[in-house]
Amino acid sequence: MPLVTIDVIKGVFTPQQKQQLIEKVTAAMVEVEGEGMRPVTWVRIAEFESGDWAIGGRRLAASDVQALAREKAA
C-alpha cells in the first residue's frame, strides 16, 4: 500500500490545485503498478506554516513560493 506525502507551505496551493496533485500522483502510481493499486494508494498533503520551511538557510513564506512560480511562468 503506497503512502505518498506531499509537503507544501500553507497558502501556496488552492484546494483545487491540491485535488489535482492528489489525482495526478494517484494516476502516476497506477501507471507504474497497475489499476489494482488505485484503491490502496494514499496521498496526503502536509502543510507547513510560512517561515517553518527553509532552503539554504533562508526561511520561505507562501509569498516567496508564489513569486518564484510567477518568475518561472514569465
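Reckoned from all heavy atoms, side chains included, excluding hydrogens, waters and symmetry mates.
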key: Identified side chain to side chain contact (heavy atoms under 4.5 Å, CB included) partner of V25 from the options V30, I6, T41, I45   = I6

query = Between S50 and A62, what is the shortest heavy-atom contact and its length?
reply = OG-N, 3.1 Å

Only distances under 3.5 Å count here; give the side-chain donor-acceptor pairs of residues 8-21 to other protein atoms, sequence neighbours excluded, each with its distance to 0.1 Å.
| from | atom 1 | to | atom 2 | distance (Å) |
| --- | --- | --- | --- | --- |
| T14 | OG1 | Q16 | N | 3.4 |
| T14 | OG1 | Q16 | OE1 | 3.4 |
| T14 | OG1 | Q17 | N | 3.0 |
| T14 | OG1 | Q17 | OE1 | 3.4 |
| Q17 | OE1 | T14 | N | 2.8 |
| K18 | NZ | E47 | OE2 | 3.0 |
| Q19 | NE2 | E23 | OE2 | 3.0 |

message = With heavy-atom distances below 4.5 Å as the criterion, would you say the side chains of M37 and V40 are in contact?
response = yes

ask   = Hey, what do you get for CG (L3) to CE (M1), rounding to the nearest 0.5 Å?
value = 7.0 Å

key: Non-neighbouring partners of A46 that pass side chain to side chain contact (heavy atoms under 4.5 Å, CB included), sequence neighbours left out   = T5, D7, F48

key: Any side-chain heavy-atom pair of R58 and D64 under 4.5 Å   = yes

task = Would you check, one step at a time, whether the test side chain to side chain contact (heavy atoms under 4.5 Å, CB included) holds for R59 with W53?
result = CA-CA 6 Å; R59 294 174 69 186; W53 191 306; over 6 Å; no

